[in-house]
Amino acid sequence: MRTFWGLMRAYWFSDRWKEAWTLTIVIAALTTLLSKAGVWLALMIGELTYSINYYHDAANTAPLRTLLTDAGLVVVLFVLKDAGLVGARSLVSKTLHRKWRGWLNSQFNQALLDGNHSHFHAQHGSAGSGAPAPDNIDQRIQESIKGMTGGAIGLAMGVLGVATSLYFIGENLIETSVEVAGLEFLGSYGSAVLALLAIATYVPFNTWIAVRLGRVLERLNVRLQQAEGSYRGELTTFLRRSFHVAASSAEDVQKTVNNRLYGDIDRTWARLNIVNVSYDAFEAVHNFMGFRIVAYAPGLVSFIHNKLDLKGYVTGAEMINQLIGQCSWLIRVMPDIATLRANSQRVTELANAIENVQQPQEFYSQTGRSDFHYASQNPVFGLTIQKLELAHQGEDATPFLSAANLRFRRGEWTFLKGESGCGKTSLIKAINGLWPYGRGTIVFPDGVKSFYAAQEVKLQQVSLKQLVCLPGSEQDYGDAQVASALHKAGLGDFIEHMADESREGKIWDQMLSGGQKQKLVVARIVLQQPGLLFLDEATGALDPDGKIAFHQAIKDNCPDVTVISIMHEAIAPRSATGEEFYHSVVAIADGVATKKPLAPNLPRELTTILTQPRPVEDKWLRFSRRLKQK
């Protein structure tokens, strides 16, 4: 689905091909009937004109009955055509639109949310790689796919309508054709040739003008979609960080950003409106000339020379009207085609972005060095990191973090410390395959489940049980297991609400405090029972007692788990009894990560004092006096 035609045909050759082809065949049949009904309607309008013209003819014995009958048949045919057949085709085409869009939406969701983390990598393209990151992915999946599928169906129905109309109307024009004065060499085909020649001259010329205007519409539509997406994305981001804007009184700055982004929308919209108005004026002139001049001109010569009666003349003109209308579908839908092309371009760009990141290291290698190797070993040996260097984009980028040899044995707890921005989180990301640039070898314990507790916990609009079961499914665990995990994490009060997606009218992301969200992480860890656990400032919203409880719950319920943790604290927390949770520390200084065991000779009193949250001057004095006494 990386090209326009690939997107167009993918659904019809998917596992849902029966559904796709059945709906398509029904639409084709209804379109054919519509074209035939157009011929019937034109013939009946001719009959009605004849009834009106010869109403007072002496040979017409029942003029009123004939007139009313013909008028009634015109109304019936019109209702059958424009209400019945058009309505039925519209319903089936909308159903096809819904089904096709749903299938495409599921394909992109599966592609973005695969085990390769394509949704993450696709947002890290760059212009230098020739594959820039697609902007506003949400808009592309939601609006662009919807617009593209609807536009394509309308386009296909237009093409089929032209083909069937050419067949049925052309057949009738040839059957009723008469000789034209001055074109006697054409014989009885004169009026048909003249009609088709008029259509073949008038419609392509106007279509050429429509295409030229359509290109301008396409460019402006793409630009407007980009501007709308940027503005919506900024509004969404602003609402998520509303507290931070309020706390820093940054409303004026945010207002300036919003006004600038909307100004781009307004300018593009103004230009688009001018082109749209111009196009509407062109289409109005085209319709008038086509339906009132071109349609009636070919048969006029034959009518004047009495080769054609009024009924035949009006019928032929109505036939030409029908054919001009069908052949002019491209002019009518050119704005929609411009939108279709704009939407398809954005969808194919997204498809290409997803495809480009299927091999992340090859993708990142286009804009920098990306040479990570991931392997596995006997779980007895734990996790090993060798010759690791992390850098930013660029072939000549200097590594900002290096680690020659780090080993984490099974059951070992290690915390990372270093100044803010030194690369602690980058190191954990690299271990988990989420850092783009650098090199090194990471050897995981074979068959051991890993769990990454990120710094920010984003909760989805799902039930509490589903949240606890992440990244697994709620079907993987019983209610008793989940309830037990919640209880052990200190969230026992919420057990009776496990099946609820909200509480007190609020989703769980709004309902739970920062500390409770991090306790939810504990519940997930206890339930999942990982063998390798990464904590990225997972206790930042907890008080000292909460941090102890967080670690103790993991210690008590996850035996032999290997823990690698990032914390703000200079000294890792200890249990309530004074025992160490952590066995070692990885210190990052001057761009180098080194691992060493915690100092065994550090007096317990000093460690306890340094981990207290309250002022410790008095305790420090007491500790000093004890040292002197010793």
Side-chain angles (χ1 to χ4, degrees), residues 120 124 361 364 368-374 381-394 396-445 450-456 518 521 532-542 547 550-551 554 561-574 580-602 606-607 610-611:
F120 174 79
H124 290 77
Q361 290 199 49
Y364 290 122
R369 184 168 187 176
S370 184
D371 190 20
F372 296 103
H373 299 279
Y374 296 89
F381 300 107
L383 173 70
T384 302
I385 299 171
Q386 300 172 339
K387 298 179 180 178
L388 184 69
E389 292 182 348
L390 304 184
H392 294 293
Q393 182 176 314
D396 301 326
T398 303
F400 63 85
L401 176 64
S402 62
N405 191 11
L406 299 177
R407 296 180 181 274
F408 305 90
R409 68 180 187 276
R410 184 169 61 180
E412 180 181 7
W413 287 44
T414 305
F415 77 96
L416 277 62
K417 71 175 184 178
E419 296 181 356
S420 179
C422 68
K424 299 186 294 294
T425 297
S426 301
L427 176 58
I428 290 184
K429 287 181 177 179
I431 295 173
N432 286 275
L434 298 174
W435 186 261
Y437 302 107
R439 64 176 181 176
T441 301
I442 297 96
V443 185
F444 282 90
S450 64
F451 188 102
Y452 189 160
Q455 182 174 338
E456 294 184 15
Q518 294 188 335
V521 173
L532 186 57
L533 176 60
F534 300 92
L535 302 175
D536 189 352
E537 298 185 16
T539 60
L542 298 173
K547 292 176 182 178
F550 182 101
H551 287 82
I554 298 173
V561 63
T562 301
V563 179
I564 302 175
S565 175
I566 298 174
M567 292 180 291
H568 284 302
E569 293 82 353
I571 296 179
R574 299 171 63 184
E580 299 283 0
F581 287 121
Y582 290 88
H583 309 102
S584 56
V585 57
V586 171
I588 300 177
D590 298 325
V592 178
T594 55
K595 181 173 178 285
K596 59 183 178 181
L598 288 174
N601 299 322
L602 188 66
L606 179 58
T607 305
L610 291 176
T611 57

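For the atom pair CZ (Phe415) and CG (Leu598), the distance works out to 5.5 Å, reported to the nearest 0.5 Å. How far CG of Leu533 is from CD1 of Ile554: 5.5 Å, rounded to the nearest 0.5 Å. Interatomic distance, CZ of Phe372 versus CD of Gln361, reported as 7.0 Å (0.5 Å rounding). To the nearest 0.5 Å, the span separating CZ on Phe534 from CD1 on Ile431 amounts to 5.0 Å. We find the CD-OG1 distance between Gln518 and Thr539 to be 6.5 Å, quoted to the nearest 0.5 Å. The NZ atom of Lys424 sits 9.0 Å away from atom CG of Asp536, with the distance rounded to the nearest 0.5 Å.
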Hey, mind stepping through Ile442 and Leu383 against side chain to side chain contact (heavy atoms under 4.5 Å, CB included) and telling me if it holds?
-> CA-CA 8 Å; Ile442 297 96; Leu383 173 70; 4.0 Å; yes
Applying side chain to side chain contact (heavy atoms under 4.5 Å, CB included), run through Leu535 and Phe550 and close with a yes or a no.
-> CA-CA 11 Å; Leu535 302 175; Phe550 182 101; 3.9 Å; yes
Please walk me through it: do Tyr452 and Lys429 pass side chain to side chain contact (heavy atoms under 4.5 Å, CB included)?
-> CA-CA 9 Å; Tyr452 189 160; Lys429 287 181 177 179; 3.9 Å; yes
Kindly determine whether Arg369 and Tyr437 satisfy side chain to side chain contact (heavy atoms under 4.5 Å, CB included), including the steps that lead there.
-> CA-CA 5 Å; Arg369 184 168 187 176; Tyr437 302 107; 6.0 Å; no
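Shown here are the ring-ring contact (aromatic ring centres under 6.0 Å, His included) partners of Phe581, two or more places apart in sequence or in another chain: His551.
When every heavy atom of Val561 is checked against every heavy atom of Leu532, the shortest pair comes out as CG2-N, 4.2 Å. The two residues Ala430 and Tyr374 come nearest to each other via the heavy atoms O-OH, 2.7 Å. Contact between Ala593 and Ile588 at its shortest, heavy atoms only, is CB-CG1, 4.0 Å. Of all the heavy atoms in Glu389 and Ser402, the pair that sits closest is CG-CB, 4.1 Å. When all heavy atoms of Tyr582 and Ala572 are compared, the closest pair comes out as CD1-CB, 3.4 Å. Closest approach of Gly423 and Leu401 over heavy atoms only: O-CD2, 3.5 Å.
Although no hydrogens or angles enter the test, the distance criterion places no donor-acceptor pair under 3.5 Å between the side chain of Thr441 and the main chain of His373. Looking at Lys595, its side chain never comes within 3.5 Å of a backbone N or O of Ser584 through a donor-acceptor pair. Trp435 places a side-chain N or O within 3.5 Å of a backbone atom of Ala391 that can act as its donor or acceptor partner.
Under the 4.5 Å side-chain criterion, counting only non-hydrogen atoms from C-beta, Val585 is in contact with Lys596. Residues Phe408 and Val586 have side chains in contact (heavy-atom distance under 4.5 Å, counting atoms from C-beta outward). The closest side-chain heavy-atom distance from Met567 to Lys547 is not below 4.5 Å. Using a 4.5 Å cut-off on side-chain heavy atoms (C-beta onward), Leu406 and Thr414 make no contact.
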